[in-house]
Amino acid sequence: MAHLRYAFLVGLRRPLHAAAGLLATVALSIVLAGCESGGISRTVHIAERPIWTAGNSWTYRGRGPNGAYTITRKVLSEGIFEGRDCYQVEAGDARYWYTKQLGYLARTSGDKTVRLAAPPEDWQWPLQVGKQWSSTVTWTDKGEQERTFVLTGVWLVETYEEVKTPAGTFKAFKVSRREVESGASQEFWYSPEARGWVKIRGTNTADGNYEEELTAYTAR
């Protein structure tokens with residue numbers, strides 16, 4: 001169960017258990033008054049890009065095609081990788097590099113790069129309901145035989161809603177990602193309070209369907 005889901009979770013159509021993602025963010029509530037007839041106020045929720053620090057961690061209870069599992073994703077350090085400012089994240093026995101925008105950049109084993117994404121599939125901050133974007137990424141697996149895949153993800157911030165998990169109840173932005181080539185999809189519930197994802201779900205992925213819920217976290 002050491003796969004890593006995008007952001008901790010996307011790569012060559014394989015949901016990766018890791019991810020992700022996870023970060024310090026403050027959701028801003030902007031009250032727009034007098035924009036509608038009758039003076040009715042409308043609240044717009046916005047989540048700015050979170051900032052991770054070494055020691056931040058998120059533990060998930062998950063279930064996939066092979067049954068139940070538990071995984072902890074921990075920020076080890078900040079550094080430069082492939083010329084980009086990145087976070088190094090531990091997930092089980094794997095190491096991953098993510099950009100400051102939470103884009104998956106690479107998986108490494110020792111001093112060897114096992115998987116590389118060019119460009120990283122960055123999240124587009126700030127988050128706000130209705131926001132959409134897309135990105136085309138070249139994924140390279142550097143095994144005995146190097147393999148390259150080009151995949152396009154279409155993203156949408158769908159709702160801002162309350163989510164109940166074993167770690168507590170959170171206000172979260174539900175963000176969906178659909179892969180054009182395969183039709184596979186992922187859903188992420190990003191919580192500014194937890195600075196990361198409190199729930200993740202994958203459907204019709206190459207590894208089957210899966211779901212993860214946050215059970216504990218440390219976000220300083």
Side-chain angles (χ1 to χ4, degrees), residues 3-11 13-25 27 45-52 56-64 71-73 75 87 89 91 96 98-105 117 120-135 137 151-180 182-215 217 219:
H3 302 346
L4 195 65
R5 308 283 180 196
Y6 179 84
F8 294 98
L9 266 146
V10 61
R13 297 177 52 200
R14 301 173 189 169
L16 308 170
H17 297 142
L22 310 164
L23 303 127
T25 273
H45 298 279
I46 295 176
E48 299 292 349
R49 177 179 66 85
I51 297 174
W52 288 346
N56 288 169
S57 67
W58 300 263
T59 299
Y60 297 87
R61 178 181 67 191
R63 178 168 293 277
I71 190 164
T72 296
R73 297 161 185 145
V75 180
Y87 298 110
V89 176
Y96 298 84
Y98 295 89
T99 70
K100 294 299 180 71
Q101 301 294 325
L102 303 195
Y104 181 107
L105 179 58
E121 192 166 11
D122 284 337
W123 282 54
Q124 301 299 308
W125 305 91
L127 300 181
Q128 181 177 336
V129 174
K131 186 171 186 175
Q132 354 181 16
W133 70 91
S134 64
S135 56
V137 180
L151 301 173
T152 298
V154 178
W155 298 75
L156 173 63
V157 184
E158 294 186 4
T159 60
Y160 178 69
E161 60 189 32
E162 188 171 88
V163 180
K164 293 182 179 180
T165 75
T169 300
F170 301 89
K171 288 290 189 179
F173 291 84
K174 180 184 177 183
V175 183
S176 64
R177 174 189 178 274
R178 180 178 58 83
E179 193 172 279
V180 172
S182 68
S185 65
Q186 287 94 34
E187 295 170 300
F188 308 88
W189 281 262
Y190 173 79
S191 162
E193 178 185 348
R195 302 182 188 178
W197 295 276
V198 296
K199 185 175 179 180
I200 305 168
R201 179 188 296 151
T203 305
N204 297 326
T205 72
D207 286 347
N209 299 340
Y210 65 88
E211 186 167 328
E212 297 181 355
E213 289 184 306
L214 189 70
T215 60
Y217 72 97

Participant: Show the nearest heavy-atom pair for residues Thr215 and Arg61, with the distance to one decimal.
Facilitator: CG2-CB, 3.6 Å

Participant: Could you pull out the closest heavy-atom pair between Lys164 and Glu213, with the gap in Å?
Facilitator: O-OE2, 3.8 Å

Participant: Given 3.5 Å as the limit, does a donor-acceptor pair link the side chain of Thr165 with the main chain of Ala167, or not?
Facilitator: yes

Participant: Using modelled atom types and a 3.5 Å cut-off, is there a donor and acceptor pairing between side-chain atoms of Asn56 and backbone atoms of Val75?
Facilitator: no

Participant: Which atom names give the shortest non-hydrogen contact between Ser191 and Val198, and what distance separates them?
Facilitator: CB-CG1, 3.6 Å

Participant: Any salt bridge between Glu179 and Arg177, counting N to O under 4.0 Å?
Facilitator: yes

Participant: Report yes or no: is the cationic atom of Lys174 (NZ for Lys, CZ for Arg) under 6.0 Å from the centre of the six-membered ring of Tyr160, at an angle within 45° of the ring normal?
Facilitator: no

Participant: Locate the shortest heavy-atom distance separating Leu127 from Phe173; write the atom from each residue and the value.
Facilitator: O-CE2, 4.0 Å

Participant: Please report the shortest heavy-atom distance between Tyr96 and Ala91, naming the atom on each side.
Facilitator: CE1-CB, 4.1 Å

Participant: Hey, does Lys171 have a side-chain heavy atom less than 4.5 Å from the side chain of His45?
Facilitator: no

Participant: Rounded to the nearest 0.5 Å, how far apart are CD of Glu158 and OG of Ser176?
Facilitator: 3.5 Å

Participant: How long is the gap from CG on Asn204 to OG on Ser182, to the nearest 0.5 Å?
Facilitator: 8.5 Å

Participant: So, Arg201 and Glu187, do they make that salt bridge, N to O below 4.0 Å?
Facilitator: yes

Participant: Looking at residues at least two apart in the chain, or sitting in another chain, which of them share a side-chain hydrogen bond (donor to acceptor under 3.5 Å, both in side chains) with Thr72?
Facilitator: Thr59

Participant: Check each of Gln186, Lys131, Glu121 against Trp155 using the side-chain contact (heavy atoms from CB on, under 4.5 Å) test, and report the only one that passes.
Facilitator: Glu121

Participant: What heavy-atom pair brings Gln132 and Leu156 nearest, and what distance separates the two atoms?
Facilitator: CG-CD1, 3.9 Å

Participant: Run the side-chain hydrogen bond (donor to acceptor under 3.5 Å, both in side chains) check on Gln101 and Thr99 step by step: do they pass?
Facilitator: CA-CA 5 Å; Gln101 301 294 325; Thr99 70; over 6 Å; no

Participant: Would you check if Trp189 and Val175 make a side-chain contact, meaning some heavy-atom pair closer than 4.5 Å?
Facilitator: no

Participant: Would you call the rings of Trp123 and Trp133 parallel, tilted or perpendicular, taking 30° and 60° as the class edges?
Facilitator: tilted

Participant: Between Glu212 and Arg63, does at least one N-O distance fall below 4.0 Å, as a salt bridge requires?
Facilitator: no

Participant: Hey, does Asp122 have a side-chain heavy atom less than 4.5 Å from the side chain of Leu102?
Facilitator: no

Participant: Within the 4.5 Å heavy-atom criterion, are Tyr190 and Pro50 side-chain neighbours or not?
Facilitator: yes

Participant: How long is the straight-line distance from CG of Leu214 back to OH of Tyr60, given to the nearest 0.5 Å?
Facilitator: 5.5 Å

